[in-house]
Amino acid sequence: MRKIQMVDLKSQYDKIKDTVNASIQEVLDTTTYINGPLVHEFQKDLEAYLGVKHVIPCANGTDALQIAMMGLDLKPGDEVITADFTFAATVEVIALLQLTPVLVDVDIVNMNISIEAIKKAITPKTKAIVPVHLFGRAANMEAIMAIAKEHNLYVIEDNAQAIGANCKFSDGTKKKAGTIGHVASTSFFPSKNLGCYGDGGAIFTNDDDLAHKIRGIVNHGMYVRYHHDVVGVNSRLDSIQAGVLKAKLPFLDEYGKARQNAARKYSVAFEGHKNIIAPSICDICDCHVFHQYTLRIIDGDRNGLMEHLLAKGIPCAIYYPIPLHSQKAYADARYKEEDFPVTNQLVKEVISLPMHTELDDEQIKFITDSVLEYFN
Ligand SMILES: *Cc1c(COP(=O)(O)O)cnc(C)c1O
């Protein structure tokens, strides 16, 4: 059996080596390291793939979120609602911009921001909602957009984990996650579903004026060279990373299918187990692209399972072990423990198994057998 890895970037690279190397070589041969043609080509390819009017590449997914918020003219003290159960980058940029983060609980089934909790958290100071499509599963954008419309709020989708996933609407239509809110951000960190070989990120929007504004913000607030109209940042996707991404984008759907197939095999093996709640697999809508495959362990020793798996050479991880409202940097007297029952429960129950595009049946069987063996 091949060594099991949490994310196997080497086997994936071996299969696409020639295309990726050719892209990188093109940058080296033309010395177009910054803002070269490949950045523009990748941008156009991604706009077409997503069905969104504007993709604005930038340096990483955290910058992408920050720049998206800068584009919306939010003012210090404006309240921004986001999920308590997510990676810290989401709340970090809200705090950095001196906006007031309002962390709310998540849904026990899809682990995404709770619609009821959003409704309860809205005040006259609320200006935006930041749903995170956590672990690759699309949040309930139809409900979120309806709340936003009713209260005149911006929606900024943090799509770092779910590029390629679909959001379903009750009229039967589907749209790609990251194309529904006023603006969205993504990350091309190597282990993300569309990863480059360094740092990278992008902002998406269908709004022409906002896109124009953001294109200036990423470039020191310049719209005309050496004329700085707004306070900006320096946040660029370099051409080598764009080359890697342009080479990998045509495989994104195939990669999503490979992740879903692995997830299906995992979930079939765990079905009906009294201690394991496995993610449900939806066969038709691609609403989950399995950035992570995350189990909940109930009435069982999650940490003991983790030690058991690690001892057998199976990598696994806890995403995320501490709710954001309990992190020193983001703790606040406004938060009450009873407002976060689901997050407080999930941080004790979740465990993520290896998930990537190169898992084979032998590896999956060894992993599922090892999990089941622990509870025998
Ligand atoms: C990875 C990630 C980010 C940040 O992306 P970077 O490219 O690492 O800056 C933001 N939000 C979420 C939910 C993420 O998973």
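Numbering of ligands and ligand atoms starts at 1, following listing order.
- Between the choices S187, A89, S185, A202, the shortest heavy-atom distance to atom 10 (C) of ligand 1 belongs to A89.
- Numbered from 1 in the order shown, with element, the atoms of ligand 1 that lie under 4.0 Å from a heavy atom of V132 read 13 (C).
- Counting protein heavy atoms only, atom 11 (N) of ligand 1 is closest to D158 OD2, 2.8 Å.
- Within the listing of ligand 1, atoms 2 (C), 3 (C), 10 (C), 11 (N), 12 (C), 14 (C), 15 (O) sit less than 4.0 angstrom from a heavy atom of A160.
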For residues 187-197, which side-chain donor-acceptor pairs fall under 3.5 Å, sequence neighbours excluded?
| unit_1 | atom_1 | unit_2 | atom_2 | d |
| --- | --- | --- | --- | --- |
| S187 | OG | F189 | N | 3.1 |
| N193 | OD1 | H291 | ND1 | 3.0 |
| N193 | ND2 | V289 | O | 3.0 |

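- Results of the side chain to side chain donor-acceptor pair (under 3.5 Å) test with D158 over T90, T82, T62 single out T90 as the only residue that passes.
- Ion pair K15/E358 flagged as a salt bridge, since at least one NZ, NE, NH1 or NH2 atom sits closer than 4.0 Å to an Asp/Glu carboxylate oxygen.
- Although no hydrogens or angles enter the test, the distance criterion places no donor-acceptor pair under 3.5 Å between the side chain of S23 and the main chain of V20.
- Counting heavy atoms closer than 4.0 Å to ligand 1, residue N60 contributes atoms from both its backbone and its side chain.
- Heavy-atom proximity to F87, at under 4.0 Å, picks out these atoms of ligand 1: 2 (C), 3 (C), 14 (C).
- Salt bridge annotation for K44-E41: absent, with no cationic side-chain nitrogen under 4.0 angstrom from a carboxylate oxygen.
- The pair K10-D14 meets the salt-bridge criterion, since a charged nitrogen lies less than 4.0 angstrom from a carboxylate oxygen.
- In terms of polar-atom proximity, D63 is not counted as a contact of ligand 1, lacking any N or O under 3.5 Å from an N or O of the ligand.
- At least one heavy atom of K192 lies less than 4.0 angstrom from ligand 1.
- The distance from ligand 1 to the heavy atoms of Q161 drops below 4.0 Å at these ligand atoms: 13 (C), 14 (C), 15 (O).
- Applying the salt bridge (Lys or Arg N to Asp or Glu O under 4.0 Å) definition to pairs two or more places apart or across chains, none involves residues 161-171.
- For T62, heavy-atom contacts with ligand 1 shorter than 4.0 Å involve the backbone as well as the side chain.
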